[in-house]
Structures are given as structure tokens and as C-alpha cells.
Asker: 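This is the structure I want to talk about, given as C-alpha cells.
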Protein chains: 4
Amino acid sequence: MFFQVDPRSQIPIWEQIVNQIKELVLKGILTPGDKIPSVRELASHLIVNPNTVSKAYQELERQGVIETMRGRGTFICTKLTTNADEQKIALLQDKTKQLVIEGSYLGVSSDTFTEWIRAFAKELGGNERD
Amino acid sequence: MFFQVDPRSQIPIWEQIVNQIKELVLKGILTPGDKIPSVRELASHLIVNPNTVSKAYQELERQGVIETMRGRGTFICTKLTTNADEQKIALLQDKTKQLVIEGSYLGVSSDTFTEWIRAFAKELGGNERD
Amino acid sequence: MFFQVDPRSQIPIWEQIVNQIKELVLKGILTPGDKIPSVRELASHLIVNPNTVSKAYQELERQGVIETMRGRGTFICTKLTTNADEQKIALLQDKTKQLVIEGSYLGVSSDTFTEWIRAFAKELGGNERD
Amino acid sequence: MFFQVDPRSQIPIWEQIVNQIKELVLKGILTPGDKIPSVRELASHLIVNPNTVSKAYQELERQGVIETMRGRGTFICTKLTTNADEQKIALLQDKTKQLVIEGSYLGVSSDTFTEWIRAFAKELGGNERD
DNA sequence: GTGGTCTAGACCACT
DNA sequence: GTGGTCTAGACCACA
């Protein structure tokens, strides 16, 4: 369980934690049933406020990525729910669009984006859920 | 000049305005030298506070997309600066990565992303700056 | 943290704040990592609207002088970026030229200017970034 | 009488006119008694609003640089008033200070400033009034 | 008419 | 507690 958090980033710390855990799951480094650190452990490791980790865990549970077992700890969820919410997909498409616009002003072509995506999808390996 | 703004969106209104104007420029709907609506006009059209529009315009000027001429109005910038800031590109790549992760959980494959990007790049037409 | 602001000055209040903080940094009174007053604190101290201080802080962050950490506060930036933008330097040279013209009409010789500059550079001490 | 004005500049157009005329006087290109163009002439030459030129001339007259003779035209003032107003000099010194601070952040040393000033003073030639 | 600045006060997200 | 965003007004300088 090694990851870091950038307190300077514009992305909220709790969201950085959410993202990184989801990434570790997709990469197969964290597999269903794995125990993840307690809120206090992770907080002291990342040197952040426990409330921040707590918020991240709540969000992950809400998304069905982890589940907490009273008195036992927090675990990666067994059933991987792929909830293809249309609204969320539309939002994702919109974000992609904005990214292309930003890229265009920075001289990043659509081919470069495609390259990035393929490279990263490969990094995720066969764990990609599609 | 048709665009709308969603006051309930997570994205700040001023940023929505920035994004949409940048999109209109890339699509060639707004061309260099074009006058864009005055702060007050756009504010009353979008039913938004003039200060909010003003903030958007100031950000666009900082990015070199528009230029303001005191007492005359605001215009699309003549020289299209493509500033390939490495840091910003790294940030863009990171955002793309996060998007792929999110997509993965929603059942959106890397091919779908590529498709979206190509489609949108085509929409931008020959005005894409790469 | 002692500074004042002149609401009757031609120079916008937010810019006065920017200037004074940059001066304090150069003088070494504020050193990298130092926490600066919160928006509300400084606003009530200067008897100015919080929005005005906020605008100053945002400008300082854009210039890489300070960095804000959500929920924690605002701090003097660690890495001192000296961005030698040619355009800005040309602008600076132009301003200097105008100053000499103004001075000439007020009976201020070029030697007097040089004297002022040397005296002030000394005041900045070894913290001058050249 | 050749000069130009930059409508994109942050400096108000009327002030650019004031500055340039004062510079021409200091350089000896315009000498006491010389007739300068009428408001309308200069306005059409610079392609600016006549009101703007008018404002510049009013300011120049207020500063004692030019004088208007009813029905005859506008002329460079004969007696060169060197009004060493202490307040104005203090203001000038303050502006110089701000310039040094700005320069410091752009990597412009005090020596460079001195160099610039000397070079420009030389450009003004023996017409410098000190 | 234009944009720029400022105030007074509100609400929100993050830590 | 922190900064970020937004509204509803006002006043000013510029052209």
C-alpha cells in the first residue's frame, strides 16, 4: 500500500485517495477481499487529517469499491459493480471534450490523446472492465 | 453568440464561460478580431452577475484568447499563441489518466474514448491547433 | 506583518497588497514556507473587503509568489521562480523610460534615479534575485 | 510630428500622447514656440477619438508644457517650468521603488536599471533639465 | 457606451 | 477554521 498525496494539487486530497485506490484496484494490485489500512493508519502515513481519509473511504464505499466490516476493517469489495449510469457517461464525455479543447490550446493533438489513453489502458492490463 | 450556462454545475460559471468561448474560437465561429458581447450584455443574457462574466473575460485575456480595449470592448485575439507549457501538458495527461480510470468503472473502454476524441476533433474542424 | 493600504491611491488596493507582499518577500521578512494572514484576517486588519484581499492573493499565486492550500491557509512559495519573460522586461524598460521623462520635468536627474535605485537595492539586501 | 499610439497598451491613449509629446520636447525635436497639430488633425492621424486628444492637450496645458492661443492654435510653452513639487517627487521615488521590485522578480538587476537610465538620459541629450 | 474596482454579504467545499 | 464562488449593487476612468 504505497501511495502519496500532493497537498499542493488542486484536486482535493480525499479525491486523490479515491483515485489512487481505484487505480490500484484496476491494476490488480488490490484484489477483492484485500484489507486496506485503517483510517488512522493511512492518515498518519500520508500525513493528512483523519477526517480527510474518512471522507475518501465513505466515497469509495458509496461507489461500491470498498466495504467496511464492523470491527474487522475495510476491504476491497468482492462484486465489482459496473454501473453504466447514462448521466455519468454523458458527464464523462463532456469532460473528455473539455480536455480536447484544453489540449488544442496547448498544442496537444487528438492523436496524442489517443496514444496516452492506449498506453494507460495497457498499464491497467487485463483488469480493464469493458 | 449562443451559449448557456448551468448554475447547478460543479464547474464554476466563470469557467464554463471560458470553456465555451475557447470552444467557439476553435470551431472558427469566433474569429480573430471579432467583438464579443460586453460584460453587461453577456451577463444579462446568461442571467448571471456581471462580475462573474468579468472574471471569465479576465481569465481569457490572461490566457491570450481575447484582448480588452478600454472603452471600446473585448475582442478575439489576433495572434493565436500556442504555449506548450510542459507542466500544463503533464497536468493534462494526468487528467486524461483519471478520466480513463473513471471510465473503466463506468464500462467505458479506451476505444470509446478514442472514438469520442476523434469525433470531437472532427467537430473542431481544420481549426485545431496542432 | 505590518503594512498599510491607501484607499485613495490611484493604484488599486489589490495591487498595493501584491506589491507590498512581494517587497516583504524580497526583503526576507517573509521567507519560503511562511504562513501569511488569512483572507479575512488581512481584510479586517486593512479595513478592506475580503474579496479585495482574495483578488490580491490569487494574483500572487498566479505569479508564483504564494501558494494556497485548501482549508489550511496561504503560504510563501518554496521555489522562487525567476521568469525572465522578454515582453515583460521590455515593458519594464518602457516604464523606466517614462519615469525618466517624468523626472526630467520635475528636476530629477538620472544620477538621482541611480542613487534611489542603489539605496533601495541595498534595502532589499542579499535577497535580490539577479 | 510623427508618433504612434498603441490602442492595446494598458496605458490610456491620452497618456501615451502626453508622454510622447513631453519626450519630443525633452529631445529638442519640439522647441518652445513650435506649433503642434490641432486636436482634429492629430486625432485623424492617430485614428483615435478627438476627445482623447483633447484630454491629452488639456493635461499638457495643465502641466505647463503647451499653451493654446485662441484662434491661432496650440504651441509648445516658452517658459519651461520646472516645478519641483515635493509630493510629486516622493511619488516618483515610490514608482521607482516598485519598478525595482518588479525587476527583481524578472531577474533585472539594479545595474541594468542604471544602465537603462543612463542610456535614455543620453538619448535625451543636453536637453535634460537638471 | 466600455471594462475595472470595490463593498457587503451569502453559500459552499476542503481540512 | 481556510479559500473559492457568486450576487446585487455602486463608482470610476476611458473612448
Side-chain angles (χ1 to χ4, degrees), chain A residues 5 7 9-17 43 46-56 59, chain B residues 5 7-17 35-44 46-58 60-61 66-75, chain C residues 5 7-17 35-43 46-58 60-61 66-75, chain D residues 5 7 9-17 43 46-56:
Chain A
V5 131
S9 166
Q10 300 202 356
I11 300 163
I13 294 174
W14 67 264
E15 202 172 336
Q16 291 183 46
I17 297 172
L46 298 177
I47 315 172
V48 297
N49 193 308
N51 289 331
T52 306
V53 178
S54 179
K55 179 162 187 178
E59 176 62 19
Chain B
V5 130
R8 284 167 303 185
S9 165
Q10 301 262 17
I11 301 164
I13 295 174
W14 66 263
E15 202 170 336
Q16 293 182 46
I17 296 171
K35 190 176 187 301
I36 62 175
S38 77
V39 170
R40 290 169 178 80
E41 267 181 325
L42 189 53
S44 68
L46 298 177
I47 314 173
V48 152
N49 190 288
N51 284 330
T52 306
V53 177
S54 181
K55 181 165 187 178
Y57 279 17
Q58 282 175 40
L60 282 165
E61 182 162 27
I66 64 177
E67 58 185 347
T68 65
M69 281 152 88
R70 285 153 293 96
R72 292 192 50 204
T74 308
F75 304 84
Chain C
V5 130
R8 284 168 302 186
S9 165
Q10 302 263 15
I11 301 165
I13 294 174
W14 66 264
E15 202 171 336
Q16 293 181 46
I17 296 171
K35 190 175 187 301
I36 61 175
S38 76
V39 169
R40 291 170 177 81
E41 267 181 324
L42 189 53
L46 297 178
I47 314 172
V48 153
N49 190 289
N51 283 329
T52 306
V53 178
S54 181
K55 182 166 187 176
Y57 279 16
Q58 282 176 40
L60 281 165
E61 183 162 26
I66 65 177
E67 59 184 348
T68 66
M69 281 153 87
R70 286 153 292 96
R72 292 192 48 204
T74 308
F75 304 83
Chain D
V5 131
S9 167
Q10 299 202 356
I11 301 163
I13 293 174
W14 67 264
E15 202 171 336
Q16 292 182 45
I17 297 171
L46 298 176
I47 315 175
V48 296
N49 193 308
N51 289 332
T52 306
V53 178
S54 178
K55 178 161 188 178

Asker: Could you work out which one of E/dT15, F/dG3, E/dG3 sits closest to the side chain of B/T68?
Answerer: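 My answer, after comparing the listed nucleotides, is E/dG3.
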Asker: If I take atom CD in residue C/E41 and atom C1' in nucleotide F/dG3, what distance separates them, rounded to the nearest angstrom?
Answerer: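 Answer to the nearest Å: 13 Å.
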Asker: Can you see if the side chain of D/T52 gets near the phosphate of F/dC14 - specifically, an N or O under 4.0 Å from OP1 or OP2?
Answerer: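 Negative; the distance criterion is not met.
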Asker: Which distance, rounded to the nearest 0.5 Å, do you find between the CD of A/E15 and the CD of A/Q10?
Answerer: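 One gets 12.0 Å once the value is rounded to the nearest 0.5 Å.
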Asker: Counting only distance, no hydrogens or angles, is the base of E/dG9 paired donor-acceptor with the side chain of C/N51 under 3.5 Å?
Answerer: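 For C/N51, whose side chain was compared with the base of E/dG9, there is a donor-acceptor pair (under 3.5 Å).
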Asker: Between E/dT15, F/dA8, F/dG3, spot the one nearest the side chain of C/V39, thanks.
Answerer: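 Of all the options, the side chain of C/V39 is nearest to F/dG3.
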Asker: Which nucleotide, if any, forms a Watson-Crick or G-U wobble pair with F/dC14, using both distances under 3.5 Å?
Answerer: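 In the structure as shown, F/dC14 has E/dG1 as its Watson-Crick or wobble partner.
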Asker: Report which part of the nucleic acid B/N49 touches: base, sugar-phosphate, or nothing (heavy-atom distance under 4.0 Å, all strands).
Answerer: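 The answer is base, as B/N49 lies within the cut-off (heavy atoms under 4.0 Å) of a base atom.
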Asker: Contact class for A/V48 vs. all strands (heavy atom < 4.0 Å): base, sugar-phosphate, or nothing?
Answerer: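 A/V48: no heavy atom of the nucleic acid under 4.0 Å.
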Asker: Provide, to the nearest angstrom, the distance between the CD1 atom belonging to B/I36 and the P atom belonging to E/dT2.
Answerer: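 After rounding, the gap between these two atoms is 12 Å.
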Asker: If I take atom CZ in residue C/F75 and atom C1' in nucleotide E/dT15, what distance separates them, rounded to the nearest angstrom?
Answerer: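 Taking atom C1' of E/dT15 as the reference, CZ of C/F75 is at 11 Å.
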Asker: What nucleotide among E/dC14, F/dC14, E/dG4 has an atom nearest to a side-chain atom of B/S54?
Answerer: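 The listed nucleotide nearest to B/S54's side chain is E/dG4.
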Asker: Could a donor-acceptor pair under 3.5 angstrom be found where the side chain of C/R40 meets the base of F/dG3?
Answerer: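 For C/R40, whose side chain was compared with the base of F/dG3, there is a donor-acceptor pair (under 3.5 Å).
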Asker: Starting from C1' on F/dA15, measure out to CD1 on D/I17 and report it in whole angstrom.
Answerer: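 Result: 11 Å.
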Asker: Send over the distance from C/Q10 CD to F/dC11 P, rounded to a whole Å.
Answerer: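 Distance check: C/Q10 CD to F/dC11 P gives 19 Å.
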Asker: Name the closest nucleotide to the D/W14 side chain, picking from E/dT5, E/dT15, F/dA15.
Answerer: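 Among E/dT5, E/dT15, F/dA15, the one nearest the side chain of D/W14 is F/dA15.
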Asker: Compare the minimum distances between each of F/dC14, E/dG3, F/dG3 and the side chain of D/K55, then state the nucleotide with the smallest one.
Answerer: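 Of all the options, the side chain of D/K55 is nearest to F/dC14.
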Asker: Mind calculating the distance between OH (B/Y57) and P (E/dT5) to the nearest angstrom?
Answerer: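 Taking OH of B/Y57 and P of E/dT5, I get 17 Å after rounding.
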Asker: What is the distance, rounded to the nearest whole Å, between atom CD of B/Q16 and atom P of F/dC6?
Answerer: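 Rounded to whole Å, this separation is 8 Å.
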Asker: Give me the atom names and distance for the closest heavy-atom approach of B/S44 to B/E41.
Answerer: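 In terms of heavy atoms, the two residues are closest at OG-O, 2.9 Å.
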Asker: I want to confirm an ordering. Mapping C/I11 and A/I13 to their closest nucleotides on DNA chain E, which one lands closer to the 5' end?
Answerer: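 The answer here is C/I11.
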Asker: Looking only at the side chain of C/Q58 (C-beta and beyond, no hydrogens), which of the listed nucleotides E/dT15, E/dT5, F/dT5 gets closest?
Answerer: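 Shortest atom-to-atom distance from the side chain points to F/dT5.
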Asker: Return the 5'-most residue of the pair C/G71, C/I47 with respect to DNA chain E, ranking by each residue's nearest nucleotide.
Answerer: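 Taking each residue's closest nucleotide, the earlier one in sequence belongs to C/I47.
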Asker: If every non-hydrogen atom of B/T52 is compared with every non-hydrogen atom of B/W14, which pair is closest and at what distance?
Answerer: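 Scanning both residues, the minimum pair turns out to be O-CB, 3.6 Å.
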Asker: If you find the nucleotide of DNA chain F closest to D/P7 and the one closest to C/E61, which residue's nucleotide is nearer the 5' end?
Answerer: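 Of the two residues, C/E61 wins.
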Asker: Is it the case that atom CZ in B/R70 sees more than 12 heavy atoms from other parts of the structure closer than 6.0 Å?
Answerer: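 It does: B/R70 CZ has more than 12 such atoms within range.
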Asker: Are side-chain heavy atoms of C/I17 and C/L42 found at a separation under 4.5 Å?
Answerer: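 In contact.
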Asker: Taking NZ from B/K35 and P from F/dA15, how many angstroms apart are they, rounded to a whole number?
Answerer: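 Distance, rounded to whole Å: 15 Å.
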Asker: At less than 4.0 Å, is any side-chain N or O atom of B/T74 found next to OP1 or OP2 of E/dG3? Yes or no.
Answerer: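 Yes, such a contact exists.
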Asker: Can you name the nearest heavy-atom pair linking B/V48 to B/V53, along with the distance?
Answerer: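 Here B/V48 and B/V53 meet closest at CG1-CG2, 4.2 Å.
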Asker: Side chain of C/R70: nearest nucleotide among E/dC14, F/dA15, F/dG4?
Answerer: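 Given the options E/dC14, F/dA15, F/dG4, the side chain of C/R70 is closest to E/dC14.
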